[in-house]
A.B. asks: 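Dumping the structure here so I can ask a few things about it.
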Protein chains: 2
Amino acid sequence: MGKKITIYDLAKILKVSPGTVSRSLNDHPSISQKTKARVVAKANELGYKTNKFAANLSKQKTNTIGVIVPRLNSNFMSTMLAGIEKVVNEAGYNLIISQSLESMEKEKLNAKTLFNNSVDALLVSLAYDTSSYDHFTPFIHHEIPLLFLDRVHNLPNSATLIIDNKLAGYEATEHLIDQGCKNLLYVGGSQRRNVYSDRFKGFKNALANYNLEFDESNILESDLNPTSIGEAINHIKRSTKQIDGIFVANDTFAAHLIKNLIREGHKIPEDIKIIGFNNDPVSELVTPSLSTIDYSGYEMGILAGQSVISHLNGNINFKSANTITLRHQLIIRESTQKQ
Amino acid sequence: MGKKITIYDLAKILKVSPGTVSRSLNDHPSISQKTKARVVAKANELGYKTNKFAANLSKQKTNTIGVIVPRLNSNFMSTMLAGIEKVVNEAGYNLIISQSLESMEKEKLNAKTLFNNSVDALLVSLAYDTSSYDHFTPFIHHEIPLLFLDRVHNLPNSATLIIDNKLAGYEATEHLIDQGCKNLLYVGGSQRRNVYSDRFKGFKNALANYNLEFDESNILESDLNPTSIGEAINHIKRSTKQIDGIFVANDTFAAHLIKNLIREGHKIPEDIKIIGFNNDPVSELVTPSLSTIDYSGYEMGILAGQSVISHLNGNINFKSANTITLRHQLIIRESTQKQ
DNA sequence: TTTAATTATGCAACCGGTTGCAATAAATAA
DNA sequence: TTATTTATTGCAACCGGTTGCATAATTAAA
């Protein structure tokens, strides 16, 4: 039940000043080893705990890092968060996590809240429909480290952590072409988000490079929600040229697509080859197993945590436009197998 | 960049006392409407923002709720968190999330950290190997609301939020028996966790009820990690009586099991029927699709958030042992289809 | 032994709200 | 009009650390 003991209590007991107690506990250099030892010993003995409120108030620092993600319940995001959490926790920081639910309005609110909560840094993966970025300027103005992850936007004095989506998109598409596909379809999310527009650019480049013609029927913009599978199926059915290869910018949607195409009587990979993106656990489990682009959310999280921490420790900083690009890898499974 | 303005600035400008400003901003009843209006107007005009540090210090309240989960990157957990986040956020609370990584030691650390951070409430889903619960007593002693979710432990003055795992286990098993299975296997996690031991109890009850014999070969305790699939396969192979029905306490593991059993030449559901647990998205996507028990992590999260909030608001409390049981539902898919 | 240079500690202001209690102003009753 | 009651507002202590600067204690140099 221990009534809270404060540095004042310690000071009185040890017959020193509160300031000395404070400095001792914080291992300040101007305190003698002897005194430090005494203070620390007594503090432990009495179970002293620093009152974060007070410490925060005078230091104006919360030891808290804010995160905004589109949603918590996606494999990629939760894995990334797991990585972030691990690193920042080891460094003594807490994570305040909030989700935008893919809405810019909610994202704005989240940003405001986190700002008001004085997070020491902010990590963001942008919502589906975010089109303005003013809600991040308070962070920049107050020099609060701002790091975008995966779904990024280039703002001055902020850093971004991504993979080379364009290249990955190119490689995925090239793989389909290698396997003999001629009429390709790209299914991705909002072109406003770098992850989708870049993958699409890669897709388009690959088509051009292999002299495959491209028109608007070769791209489908979707919210990638499983409930929207119907639209995708319709698009494929309606297409005048028979589609024989699909690059889906998201494994979960790709898995649903496989399931539904098979239900519709298509053979995969014989009639249509499909490649996804993310190497979500589901890609191994679906039948046929799904070829995909692997990149580790966990690693991205770890790296994000590390950069932010080292920024906070003053080792590096985000002043100079700072982009970290992670590696990715093509994973070939059954869904793109040549006959 | 807008020097911070404080209640003292407002007080000076408006020629009232800081106390009056504070009370006005908090809509205290003893301030006249006129004054309140003036203060609020001026506060808005100058873009006043309350300094949480100071407010926390004097109120000794953080408006922050701590959560400890075994891991962030499981569908169930991240969905549950999504639910919690939504509710508490709307109520003006922040969520500090930490993961125990299924280790009691880490869980202890997390609990300590969250305690030191003075969270206003704590939500916990226990780690795989947690066997002592002392790390939660500080919360109870300080009357910080403590709520266990899904993987629970009954502590006095704490609440629990669960489903009827025993009944669900019974129903899953009964379903297998209904479909003609005679030699059943239960694959679950640590018996120390209610979710697994209760499901097992239901399993055993069902066997007894249908006069099916039970011995140690009918149960396999696993960490349910996909890397442990080999052990499960071996167990099934080695079994003297030919196993024809498996109840796996976790969809992901069940999905891997299906995939691997098929690879080994078994036919599912013809030779072996399988039922999972959780209704994870993967259960629909695997082939054959997986029968399972559905219960909504999201709903559980929402409910958890709501109970904690209403407790914090003084509406209900956890003093009287408080258990909320959510409903669940048997979902029949292809993996248990009778021929 | 003195003086200068270090090292260790104390003092007190400060961070910015919150809140019990006293004081004053306004409203109602006598 | 005066005495009461009630509605408003101010005062000042408090929450518990942190930190610049002055002072005291100790050590090294002269």
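Just so it is clear, the model here is predicted, and its values are computed rather than measured. These values consider heavy atoms only, across backbone and side chains, with no hydrogens, waters or symmetry-generated copies. Letters A, B, ... mirror the listed sequences (proteins, then strands); counts begin at 1.
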A.B. asks: Distances under 3.5 Å only, N/O to N/O: pair up the protein atoms with those of nucleotides 23-27 of chain C.
C.D. replies:
none

A.B. asks: Any residue in residues 23-44 of chain B with a heavy atom nearer than 4.0 angstrom to DNA chain D? Just list them by number, or reply none.
C.D. replies: B/R23, B/S30, B/I31, B/S32, B/T35
A.B. asks: Does either side chain, that of B/N117 or that of A/N94, offer a donor lying less than 3.5 Å from an acceptor on the other one?
C.D. replies: yes
A.B. asks: Looking at B/F53 and A/L57, what are the two nearest heavy atoms and their distance?
C.D. replies: CB-CA, 3.5 Å
A.B. asks: Would you call A/R193 and A/E102 a salt bridge, using N to O less than 4.0 angstrom?
C.D. replies: no
A.B. asks: Measure the angle between the two terminal helix axes of the helix from C/dT1-D/dA30 to C/dA30-D/dT1, five base pairs each, and quote it to 10°.
C.D. replies: 50°
A.B. asks: Atom CG in A/L126, atom CE in A/M104: separation rounded to 0.5 Å?
C.D. replies: 11.0 Å
A.B. asks: With the threshold set at 4.0 Å, does a side-chain nitrogen-carboxylate oxygen contact exist between B/E85 and A/K106?
C.D. replies: yes
A.B. asks: Considering heavy-atom distances to DNA chain C, does B/F53 or B/G19 have its closest nucleotide positioned more toward the 5' end?
C.D. replies: B/F53
A.B. asks: Using a 6.0 Å cut-off, check whether atom NZ of B/K112 has over 12 heavy atoms from anything other than its own residue.
C.D. replies: no
A.B. asks: For B/I144 and B/V119, work out which heavy atoms get closest and say how close.
C.D. replies: CG2-O, 3.8 Å
A.B. asks: State whether B/D27 and B/K36 are salt-bridged, where the test is any N-O pair (Lys NZ or Arg NE/NH1/NH2 against Asp/Glu carboxylate O) under 4.0 Å.
C.D. replies: yes
A.B. asks: At a heavy-atom distance below 4.0 Å, what parts of residues 6-15 of chain A sit against DNA chain C?
C.D. replies: A/K15
A.B. asks: Between B/H135 and B/F115, is the gap from one ring center to the other below 6.0 Å?
C.D. replies: no
A.B. asks: Would you compute the distance between atom OH of B/Y48 and atom NZ of B/K42 and round it to the nearest 0.5 angstrom?
C.D. replies: 15.5 Å
A.B. asks: Does B/L57 or B/T20 map to a spot on DNA chain D nearer the 5' end, using the closest nucleotide for each?
C.D. replies: B/T20
A.B. asks: If a pair satisfies ring-ring contact (aromatic ring centres under 6.0 Å, His included) and one of its residues is in residues 60-86 of chain B, list it, with sequence neighbours excluded.
C.D. replies: B/F76-B/Y295
A.B. asks: So, the side chain of B/N110 versus the backbone of B/S98: is there a donor-acceptor pair under 3.5 Å, distance only?
C.D. replies: no
A.B. asks: For a 4.0 angstrom threshold against heavy atoms of chain A, report the outermost contacting nucleotides of DNA chain D in 5' to 3' order.
C.D. replies: D/dG16 to D/dG20
A.B. asks: Using a 4.0 Å heavy-atom cut-off, does A/V21 contact any base of the nucleic acid, only the sugar-phosphate backbone, or nothing at all?
C.D. replies: nothing
A.B. asks: Considering heavy-atom distances to DNA chain D, does B/P18 or B/S58 have its closest nucleotide positioned more toward the 5' end?
C.D. replies: B/P18
A.B. asks: I'd like to know if the side chain of A/T35 pairs up with that of A/S32 as donor and acceptor (distance under 3.5 Å, no hydrogens or angles considered).
C.D. replies: yes
A.B. asks: Return yes if some donor-acceptor pair links the side-chain N/O of B/E107 with the main-chain N/O of B/S100 below 3.5 Å, else return no.
C.D. replies: no
A.B. asks: Using the rule given for side chain to side chain contact (heavy atoms under 4.5 Å, CB included), can you reason through B/L114 versus B/L122, listing the C-alpha separation, both sets of side-chain angles and the distance that settles it, and then say yes or no?
C.D. replies: CA-CA 8 Å; B/L114 292 175; B/L122 180 66; 3.6 Å; yes
